[in-house]
Colleague: 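Sharing a structure, written as structure tokens. Questions coming.
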Amino acid sequence: MSNLNEAGGAGSQKAASENAPVSVISNFIKDIINDDLKSGKHAGIITRFPPEPNGYLHIGHAKSICLNFGLAKEYGGRCHLRFDDTNPCKEDIEYIESIERDVKWLGFDWNEHLYYASDYYDALYEYAVALIKMDKAYVCELTNEEMREYRGTLTEGGKHSPHRDRPVSESLELFERMKKGEFEDGKLVLRAKIDMSSPNINMRDPIIYRIRHTTHHRTGDKWCIYPMYDFTHCVSDAIEKITHSICTLEFEDHRPLYDWFLDVLKTECHPRQIEFARLNLTFTVMSKRKLLELVEKKYVSGWDDPRMPTISGLRRRGYTAEAIRNFCEMIGVAKSNSTVDFAMLEYCVREDLNKKAMRVMGVLKPLKVVITNYPDGQVEELDAQNNPEDESAGTRKIPFSKVIYIERDDFREDPPKQFFRLAPGREVRLKHAYYIKCETAVKDEKGEITELHCTYDPATKGGWSDDGRKVQGTLHWVSAAHALECEVRIYDQLFTKSNPDETASGDYKENLNENSLVKLYPCYVEPGLKSAKIEDRYQFLRQGYFCLDSDSTPDKLIFNRTVSLVDTWAKLEKKIQKK
RNA sequence: UGGGGAGUCGUCUAAUGGUAGGACAGCAGACUCUGGAUCUGUACGUGAGAGUUCGAUUCUUUCCUCCCCAGCCA
């Protein structure tokens, strides 16, 4: 059982020892940094990755992680991991742990620079008091609904709160009492005093503290007032002496507020906020709300369901950290909204796994083949190359015997023109083994083919013939007596539409793909896979890349298909059928 | 219809006044004991107009389209 507990072995990655390489491609953020370095504004850079621990990280976060940690590495600076934990209602320790695990797995290291916004609650409180004393903040008693009314609309300015001009001393006292827990949730808030007529709604006296009698996952019950994002984020950045605070586009019109707080507070450090476009991917959703819904309503098995675009899902699916990093490098960083073709991500895993994954043979939809002229009871150990892309991967022995399984799709009774595989009277090569020729197809009473009777040519051992004879097809196979029975899970896109949000009803779930998971059983793989460990990755010859799923037990191996191989024949066949 | 952003091959992304380039996807071919990989070739783009200039993706201007903002979420 121990072999199922952690990754290791031939097909696996040593995540911890992996180190992300430095990027060579430029982007507009690097241009800014280069200017800042050149002008002497900064001697070095400090960035940060600031997730809120209210969900699992996804591939979109990976883009941000690669950007922030990548920049730090490239410029010899550092990147902090900071949990933006200012909303105890939504946050959870489970998420903190998963985020740390995922960032590490991606190959990045924050060293001792692990922080929490909640670390700064005392400082934040003092800054808030300072704001009140400067008459730049006040305690407001408007209800939620009133607040919305007073805020105005996109086209009209708002109105002043009746509490806006209350004396500083009164706000001070009220704020103190808010902190002491004298008011219930929602009764009072602390607001910045900026400009209710601003065309930028964020500047219309934004709330900076609200009351929440909720236990915080780190500070417990010490606080019942919690700071809002806009106030917390810029102050946290300043405390950590961040030089470049990189966030996504939707925060662009929060920047004036970010700058306002730091200007008014006259913080020693005033980071520059830079916005870039978040990642969108075809055939999937990236919003935390939707991913959470998929998990909670059991459309998927969990955050790490192999169909999820989460880091843990992709990892379980068999993606490597290197593939994800390469992908993030490949897609670039810019300010225009964009949706990347999922095929680009698949290209990146294939490229990486092609170099690394050990080749093995596995039959997904078995068809029994009896080699009639092969001696009963004889077993030969044949040599098989582990990875033609990597000489150092060596070879292994695989057993061959009279009864084998081949892929059902590799036989056609009535083969189309360009079909190179097995058919009555046809000869093909069994990879690493012999040429075999199909003599007869045995059928049951319903006309289903139950097995094939073939003959082999003993002179072709290893898959060669000296007489110049050519065979067009090469098939993978496993010896029936030696094969390991297992389950294989074939995944397809979670959604049927390239843009899942394109719906008639407005509910993206109507685009869920009913066939996104197909479980195949029994499948047969070569006996060597018995020692496979969770997350070990393999190429099943001619089929795709697979990895051992965490649902596996020593008695039942389960493999996930990470991605298929490029299937030229499938494409060709489709074209033939169209004609 | 307020404010803030963005428009370059099908999709991402370069070119910062001087030959519009790369990657993915597509197509065609070569090669191959994986119809994998690899290699070669090929097609495809500056949202529109006006202006400045010898020369504009780049500068100016008008227009068009798309995205974000009215949580006591981040």
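Protein chains get the first letters and strands the later ones, always in sequence-line order, with residue 1 at the start of each.
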Colleague: Can you tell which of A:Lys397, A:Arg396, A:Lys431 makes a salt bridge (charged side-chain N to carboxylate O under 4.0 Å, His left out) with A:Glu526?
Modeller: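 With A:Glu526 as partner, A:Lys397, A:Arg396, A:Lys431 yield a single salt bridge (charged side-chain N to carboxylate O under 4.0 Å, His left out), made by A:Arg396.
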Colleague: Looking for any heavy atom pair under 4.0 Å, which part of the strands does A:Glu252 touch: base, sugar-phosphate only, or nothing?
Modeller: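 Result for A:Glu252 = sugar-phosphate.
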Colleague: If a protein heavy atom is under 4.0 Å from the base, mark B; if only from the sugar-phosphate, S; if neither, -; do that for nucleotides 67-74 of chain B going 5' to 3'.
Modeller: SBBBSBBB
Colleague: Report which part of the nucleic acid A:Gln539 touches: base, sugar-phosphate, or nothing (heavy-atom distance under 4.0 Å, all strands).
Modeller: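 Counting heavy atoms under 4.0 Å across all strands, the contact made by A:Gln539 includes a base.
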Colleague: Could you tell me whether A:Thr339 contacts a base, only the sugar-phosphate backbone, or nothing, with contacts defined as non-hydrogen atoms closer than 4.0 Å?
Modeller: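 Touches sugar-phosphate only.
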Colleague: Assign the ring pair A:Phe400 / A:Tyr456 to parallel, tilted or perpendicular, where the plane angle (0 to 90°) is split at 30° and 60°.
Modeller: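 Tilted.
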Colleague: Find out whether A:Ile59 and A:Phe327 are in side-chain contact, i.e. whether some heavy atom of one side chain is under 4.5 Å from a heavy atom of the other.
Modeller: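 With C-beta onward as the side chain, the pair touches.
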Colleague: Answer yes or no: does a side-chain N or O of A:Ser336 lie under 4.0 Å from OP1 or OP2 of B:C66?
Modeller: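 Checking A:Ser336 against B:C66: no side-chain N or O falls below 4.0 Å of OP1 or OP2.
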Colleague: Considering only atom P, compute the distance from B:C69 to B:G55 and round it to an integer number of Å.
Modeller: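 Pairwise P distance, B:C69 against B:G55, rounds to 44 Å.
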Colleague: Taking the six-membered ring for Trp, are A:Tyr405 and A:Tyr524 parallel (under 30°), tilted (30 to 60°) or perpendicular (over 60°)?
Modeller: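 Ring orientation of A:Tyr405 relative to A:Tyr524: parallel.
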Colleague: Is a side-chain N or O of A:Arg48 found less than 3.5 angstrom from the main chain of A:Ile246, in a donor-acceptor match?
Modeller: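 Judged by distance alone, yes, a pair lies under 3.5 Å.
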Colleague: Contact class for A:Lys431 vs. all strands (heavy atom < 4.0 Å): base, sugar-phosphate, or nothing?
Modeller: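 The answer is base, as A:Lys431 lies within the cut-off (heavy atoms under 4.0 Å) of a base atom.
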Colleague: Is it true that the NZ or CZ of A:Lys290 lies under 6.0 Å from the centre of A:Tyr508's six-membered ring and within 45 degrees of the ring axis?
Modeller: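 Yes.
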Colleague: Please classify the nucleic acid contact of A:Arg204 as base, sugar-phosphate, or nothing, using heavy-atom distances under 4.0 Å.
Modeller: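 No contact at all - A:Arg204 keeps every heavy atom at 4.0 Å or more from the nucleic acid.
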Colleague: Ignoring hydrogens, what is the shortest heavy-atom contact between A:Thr47 and A:Asn68? Give both atom names and the distance.
Modeller: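 The pair with the smallest heavy-atom distance is OG1-O, 2.9 Å.
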Colleague: If the P atom of B:G7 is compared with that of B:U57, how far apart are they to the nearest Å?
Modeller: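 Between the two P atoms, the distance is 16 Å.
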Colleague: With a 4.0 Å limit, can you tell me whether A:Arg255 has a side-chain N or O closer than that to the phosphate oxygens OP1/OP2 of B:G4?
Modeller: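 For A:Arg255, the contact criterion (side-chain N or O under 4.0 Å from OP1 or OP2 of B:G4) is not met.
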Colleague: Which part of the nucleic acid, if any, lies within contact of A:Tyr545, taking any heavy atom under 4.0 Å across all strands shown: a base, the sugar-phosphate backbone alone, or nothing?
Modeller: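 Counting heavy atoms under 4.0 Å across all strands, no contact is made by A:Tyr545.
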Colleague: For nucleotides 24-29 of chain B, read 5' to 3', which letter fits each nucleotide if B means a protein heavy atom sits under 4.0 Å from the base, S means only the sugar-phosphate is that close, and - means neither?
Modeller: SSSSS-
Colleague: Does A:Thr568 have a side-chain nitrogen or oxygen under 4.0 Å from the phosphate oxygens OP1 or OP2 of B:G36?
Modeller: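 Answer is yes, contact under 4.0 Å.
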Colleague: Nearest whole Å is fine: how far is B:A14 C1' from A:Glu329 CD?
Modeller: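 So the two atoms are 13 Å apart, to the nearest Å.
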Colleague: Using a heavy-atom cut-off of under 4.0 Å over every strand shown, decide if A:Pro388 touches base, sugar-phosphate, or nothing.
Modeller: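 Contact class for A:Pro388: base.
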Colleague: For A:His476, answer base if it contacts any base atom (sugar-phosphate contacts may also be present), sugar-phosphate if it contacts only those atoms, and nothing otherwise; contact means non-hydrogen atoms under 4.0 Å.
Modeller: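 No contact.
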Colleague: If you write RNA chain B from 5' to 3' in dot-bracket form, with Watson-Crick or G-U pairs under 3.5 Å, [ ] for crossing pairs and | for pairs with another strand, what do you get?
Modeller: .((((((..((((....[..)))).(((((.......)))))....(((((..]....))))))))))).....
Colleague: Considering heavy-atom distances to RNA chain B, does A:Ser338 or A:Lys470 have its closest nucleotide positioned more toward the 5' end?
Modeller: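 Per heavy-atom nearest nucleotide, the more 5' residue is A:Ser338.
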Colleague: How would you label the contact of A:Val333 with the nucleic acid (heavy atoms, under 4.0 Å): base, sugar-phosphate, or nothing?
Modeller: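 A:Val333: backbone/sugar contact only, no base atoms under 4.0 Å.
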Colleague: Classify the ring geometry between A:Phe540 and A:Phe546 as parallel (under 30°), tilted (30 to 60°) or perpendicular (over 60°).
Modeller: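 It falls in the parallel class, under 30°.
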Colleague: Without decimals, in angstroms, what is the distance between A:Gln472 CD and B:U34 C1'?
Modeller: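 One finds 15 Å between C1' of B:U34 and CD of A:Gln472, rounded.
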